[in-house]
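Note sheet for the following structure.
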Amino acid sequence: MLDLSGHNNQKKDIVFEKFREQLEQSGLKIDSIDNENLIHINVDGNNLEISLENVRRNYERDSDESHITDLVQTILSYLSYPADVPNWEDSKNNVYIQLFPNDFDFNNLISEKVTDEFSKIYAVSEKEKLTWISTDNLKKWKITELDLIKQADLNANELLAKTKIDFEIIEDRKLGMIEVEKTFLKSSLLFASKIKEKLKADIGFPFYAVIPVRDFCYIFSEKDFDFFANRIGTTVVKEYQNSGYPITTEILFISENGITAVGKYPTEK
């Protein structure tokens, strides 16, 4: 089952119609919509449950049809993997970490819990398409999970070296934002082993971060915790509730011991 978290509101809305059109152009069709507004697609005995809520949020935010196209491509990738994943030599330089809430159906994907709210999985990123990496892929590639983890870190470090960290100065304190062309990798770069070297001159190490959605990330120094923690909550919750691909409203502490949650902004009053 593929659960992409969301719901379809009305059959005649723009997002639904464009989604259905692109789906049919790809050779698939919607079989039904249940009482919870989940879209069902049956393929070779497999029932996919799809929701449009995240796509709808992103589309309403910036009117970009690529969000719809990305969802369709994700579905096609899910249906075809591991057959469409190239061999390891062709894939390894495009392996990265992705973050998902813990209610995601990880099935046999390679995953690791980070906090009570989210986990990391691994994906091959090629031509704006993400293909999740499963235990079947590792067998096909004849590599170990450790090989995969090391390669993902190597790729992340190479990308981090070319990535700009912008800092906004607020009352003589620095609030950092990761600027990377593939915005879905913003939060992933926090896991790069060389993040310490990247940030130590600007904000030091350890440091704090928030990643309400996969394409949004704030970072700030340990000494500025009280200042920023009391100011960014509204923005974090707004991004989490109104953007697609939510991850967590937790405040994360990144140190030599890894990533731990030290607090959480409430999403309900």
Side-chain angles (χ1 to χ4, degrees), residues 3-7 51-64 66-67 70-71 74 96-104 106 111-121 123 130 156 160 163-168 170 173-192 195 199 203 206-222 224-255 258-269:
D3 184 358
L4 297 177
S5 297
H7 69 275
S51 144
L52 295 181
E53 182 171 335
N54 287 341
V55 175
R56 193 184 313 284
R57 287 173 177 172
N58 283 343
Y59 184 83
E60 290 175 352
R61 181 184 62 187
D62 51 31
S63 300
D64 188 349
S66 67
H67 299 302
D70 288 346
L71 174 58
T74 298
Y96 293 96
I97 286 172
Q98 284 288 282
L99 306 179
F100 278 86
N102 287 334
D103 59 0
F104 181 79
F106 296 108
S111 64
E112 179 184 342
K113 181 179 177 181
V114 180
T115 73
D116 289 340
E117 295 264 316
F118 72 96
S119 295
K120 59 183 178 181
I121 65 174
L130 288 171
L160 183 64
T163 296
K164 182 180 180 181
I165 310 293
D166 284 337
F167 289 96
E168 181 180 356
I170 303 174
R173 296 171 174 85
K174 294 181 178 180
L175 182 64
M177 289 153 280
I178 298 174
E179 298 298 334
V180 61
E181 183 177 354
K182 293 184 176 181
T183 58
F184 57 85
L185 292 177
K186 282 186 180 183
S187 55
S188 305
L189 291 181
L190 291 176
F191 290 82
I195 190 72
L199 295 176
I203 62 172
F207 65 94
Y208 290 94
V210 290
I211 46 173
V213 295
R214 74 180 188 185
D215 60 354
F216 183 99
C217 179
Y218 276 157
I219 54 179
F220 50 94
S221 73
E222 185 176 21
D224 292 333
F225 174 81
D226 290 337
F227 180 84
F228 284 117
N230 291 325
R231 284 168 170 77
I232 63 175
T234 300
T235 300
V236 170
V237 172
K238 180 179 178 180
E239 288 291 330
Y240 180 82
Q241 293 180 327
N242 298 321
S243 297
Y245 306 104
I247 298 175
T248 181
T249 61
E250 294 169 315
I251 302 175
L252 305 174
F253 184 55
I254 293 86
S255 68
I259 295 181
T260 55
V262 298
K264 177 182 175 182
Y265 294 110
T267 55
E268 297 180 0
K269 295 182 179 180

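For the numbers below, each heavy atom of this structure counts, side chains included, while hydrogens, waters and symmetry mates do not.
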Within a strict 4.5 Å, meaning less than it, do heavy atoms of the Leu175 and Asp224 side chains meet? no

CD1 on Ile97 to CD on Glu112, rounded to 0.5 Å: 8.0 Å

Where is the tightest heavy-atom contact between Arg214 and Lys186, given as atom of each residue plus distance? O-CB, 3.9 Å

Evaluate the criterion side chain to side chain contact (heavy atoms under 4.5 Å, CB included) for residue pair Leu52 and Tyr59; output intermediate values, then yes/no. CA-CA 10 Å; Leu52 295 181; Tyr59 184 83; over 6 Å; no

Using every non-hydrogen atom in the two residues, find where Glu239 and Pro212 come nearest and quote the distance to one decimal. CB-CG, 3.9 Å

Restricting to non-hydrogen atoms, name the atom on Phe207 and the atom on Ile195 that form the minimum distance, rounded to 0.1 Å. CZ-CG1, 3.8 Å

Heavy-atom side-chain proximity of Gln98 to Ser188 below 4.5 angstrom: yes

Closest heavy-atom contact between Ile211 and Leu99? CD1-CD1, 3.5 Å

Heavy-atom side-chain contact between Val180 and Lys164 under 4.5 Å: no

Please find the pair of heavy atoms, one from Ala156 and one from Leu189, that lie closest to each other, and give the distance. O-CD2, 3.7 Å

Student check: side-chain heavy atoms of Thr267 and Gln241 closer than 4.5 Å: yes

Please identify which of these residues, Ile232, Val210, Thr260, meets the side chain to side chain contact (heavy atoms under 4.5 Å, CB included) condition with Ile251. Val210

So, does Tyr218 use its side chain to make a donor-acceptor pair with the main chain of Tyr208 at under 3.5 Å? no

Determine whether Ile254 and Leu199 make a side-chain contact, defined as any pair of heavy atoms from C-beta on separated by less than 4.5 Å. no

Spacing of Lys120 atom NZ and Phe100 atom CZ [to the nearest 0.5 Å]: 15.0 Å

Check the orientation of Phe118 and Phe191. Use parallel for under 30°, tilted for 30 to 60°, and perpendicular for over 60°. perpendicular

Closest approach of Phe220 and Phe225, non-hydrogen atoms and distance? CE1-CA, 3.8 Å

Taking atom CD1 of Ile178 and atom CG of Leu185, what is their separation to the nearest 0.5 Å? 10.5 Å

